[in-house]
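What follows is one structure encoded as structure tokens, with my remarks underneath.
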Amino acid sequence: MLEHFLSPNAVAVVGAARSTSKVGHIVLRNLIDGGFPGPLYPVNPHADEITGLKAFASLRELPGPCDLAVIVLPAQDVLAAVADCGEVGIPAAIIISAGFKESGPAGGALERTVVEEARRGGVRILGPNCLGLIATRSALNASFAGAMPPPGSIAFISQSGALGTAILDYASGEGIGLSHFASLGNRADVSESELMSALADDPSVNVIAAYVESIDDGESFVRQASEITKRVPMIVVKSGRSDAGARAVSSHTGSLAGSDAAYDAAFRKAGVLRAASVQELFDLASGLSRQPMPSGPGIAIVTNAGGPAVMATDACEDTGLSLASLETETITALKERLPAAAALYNPVDVLGDADAERFAFALDVVARDPGVHALLAILTPQAMTEAVRTAEELVRVSRESGKTTLACFMGHDSVREAWSVLRSAGIPQYSFPERAVATLAAMQRHTSTRSAPSGVPVSVDSDQEAIRVILAEHQAAHRLFVTEQHAADIVSAAGVSVPRGTVARD
């Protein structure tokens with residue numbers, strides 16, 4: 001269990017510094033400014049007080065119990081601090097310090113020694129070489145990031161601390177709320193799989209999003225992610241897709257990136273949604289965290305602009321989504337009030353001169369159609385467009401219908417105020433139709449994942465001895481690969497049917 005990381009009662013900062021430019025000072029200041037309600041213990045043998053808090057020479061001198069230590073020390077001093085955690089009973093430590101596996105063989109050896117010491121003392125480790133951890137529900141900012149993000153229901157995990165700082169800044173600027181942010185660093189102990197499982201159990205988390213460069217224990221990840229995605233959507237950006245990117249991953253964190261095709265297969269099997277970019281990740285997360293999942297496949301588009309509606313229709317076709325066939329009653333009702341030139345079929349085009357009242361009428365009628373399960377409103381700012389009032393009407397229709405609702409109010413300055421109305425009401429806003437449709441497609445995929453029956457492992461009879469003999473022969477001959485015929489023999493011995501065949505020698 002990782003509750004001591006996510007909801008600690010008291011925090012010690014080992015390596016807290018008086019200098020405002022030092023990471024140890026920034027971490028302590030972030031904990032204070034974030035409003036952490038429990039005791040804070042700066043640990044520095046050369047200071048009596050830091051930022052108005054009494055400082056302690058070591059963890060052994062703390063006046064009360066502590067369940068989380070944030071270690072900001074030179075790499076060579078981290079081992080002693082972890083040993084102190086074990087001796088005084090601190091069960092969790094975030095090691096922000098760098099200079100471990102990512103720095104080369106010597107750093108890797110030091111990292112293994114630190115982990116061994118932590119296990120002896122019953123201490124769990126997040127990191128090392130990480131940005132830290134933020135839990136908005138616990139008012140915990142145990143990181144050296146710039147600021148606490150607004151509270152929300154998206155938990156974000158990153159294997160890159162530097163990318164994490166940019167994401168936190170982006171989320172704050174876009175008004176995207178986070179429940180948690182965790183920088184994994186080298187993952188010497190706590191893995192992405194374990195942290196995701198802990199976050200999925202948190203009632204404040206609606207979506208788990210992650211940036212990963214590699215996954216060390218693929219079997220564990222698939223097993224745990226398969227369980228998580230039945231309850232909470234998971235969205236992952238996986239870098240290192242190309243050979244050059246894989247080499248960059250190795251130099252960045254000291255990890256092997258692995259085959260991208262294998263990751264694709266693992267994500268599909270586990271029901272994980274893969275995003276192609278960080279922007280797409282947040283597009284998907286906004287929809288999945290703020291709106292109910294579609295109760296069926298039918299999507300309806302209501303717009304004041306034909307061109308963007310065609311773009312959205314094309315995107316639906318590309319992503320395998322289906323536009324709802326509107327019922328006769330719906331089309332008749334639209335015909336009675338909309339101009340003669342309006343498009344009455346899905347997409348419904350209320351024309352460029354539509355005011356908020358006309359737009360709202362169409363939204364109301366379409367949302368009542370039983371074949372419509374998700375609604376996409378597309379608006380472009382024209383001379384007579386009432387963007388804010390239209391946004392307010394879309395919010396009303398969404399609440400009254402209870403149906404999945406996304407918005408694409410295109411433009412910038414003319415619709416900026418309308419964006420605020422939509423976002424404050426929990427309706428995701430996208431600048432372009434394709435981004436909104438991609439989110440709807442992801443929501444449909446997650447709905448399918450949740451409703452799919454769980455796979456049942458199948459036992460097969462296998463000839464383990466035959467497999468051992470084949471592999472032993474290859475090892476004895478110092479072969480670096482298995483031939484096609486021998487591979488077929490191994491697969492067959494494992495209980496999988498293969499076509500019969502033999503080697504033609506002439």
- Query: Is there a donor-acceptor pair closer than 3.5 Å between any side-chain N or O of S289 and the backbone N or O of V207?
  - Reply: no
- Only residue of P433, P428, P308 satisfying side-chain contact (heavy atoms from CB on, under 4.5 Å) with C408 is P433
- Test item: D67 side-chain N/O and N9 main-chain N/O as donor-acceptor pair under 3.5 Å: yes
- Task: Decide, yes or no, whether a salt bridge links D355 with R389 under the criterion of side-chain N to carboxylate O below 4.0 Å.
- Result: no
- Do any N or O atoms from the side chain of N346 and from the backbone of A324 form a donor-acceptor pair under 3.5 angstrom? yes
- Message: Could you check whether any side-chain N or O of R423 sits under 3.5 Å from a backbone N or O of G175, counting only pairs where one atom can act as donor and the other as acceptor?
- Response: no
- Item | For R396, side-chain contact (heavy atoms from CB on, under 4.5 Å) partners two or more places apart | A360, D364, E393, E400
- Item | Lys/Arg N to Asp/Glu carboxylate O, D264 vs K238, below 4.0 Å | no
- Determine, for F361 and R337, whether the Lys NZ or Arg CZ falls below 6.0 Å from the six-membered ring centre while staying within 45 degrees of the axis. yes
- Short side-chain to backbone donor-acceptor contact, E111 and K101, under 3.5 Å: yes
- Counting only N and O atoms by type, is there a donor-acceptor contact under 3.5 Å from the side chain of T136 to the main-chain atoms of L178? yes
- Can Q224 and S197 be counted as having a side-chain donor-acceptor contact under 3.5 angstrom? yes
- Ignoring hydrogens and angles, state whether a donor on the side chain of R187 or S214 is under 3.5 Å from an acceptor on the partner side chain. yes
- Item | Q159 side chain vs Y211 backbone, donor-acceptor pair below 3.5 Å | no
- Query: Any donor-acceptor pair under 3.5 Å linking the side chain of H373 with the backbone of G298?
  - Reply: yes
- When you look at CD of E357, are more than 12 heavy atoms from neighbouring residues, nucleotides or ligands closer to it than 6.0 Å? no
- So, Q444 side chain and G296 main chain: donor-acceptor pair closer than 3.5 Å or not? yes
- Item | N-O pairing of R274 and D260 below 4.0 Å | yes
- Task: With side-chain contact (heavy atoms from CB on, under 4.5 Å) as the test, would you mind laying out the steps for T313 and E317 before giving the verdict?
- Result: CA-CA 6 Å; T313 303; E317 179 78 17; over 6 Å; no
- Query: Should we say atom OH of Y345 is surrounded by more than 12 heavy atoms from elsewhere, each under 6.0 Å from it?
  - Reply: no
- Task: For the pair K403 (side chain) and A367 (backbone), establish whether a donor and an acceptor sit closer than 3.5 Å, ignoring hydrogens and angles.
- Result: yes
- Task: Please say whether more than 12 non-hydrogen atoms of neighbouring residues, nucleotides or ligands are located less than 6.0 Å from CD in E417.
- Result: no
- Note on the structure: ring pair (Phe, Tyr, Trp, His ring centres under 6.0 Å) pairs touching residues 315-337, sequence neighbours excluded, are none
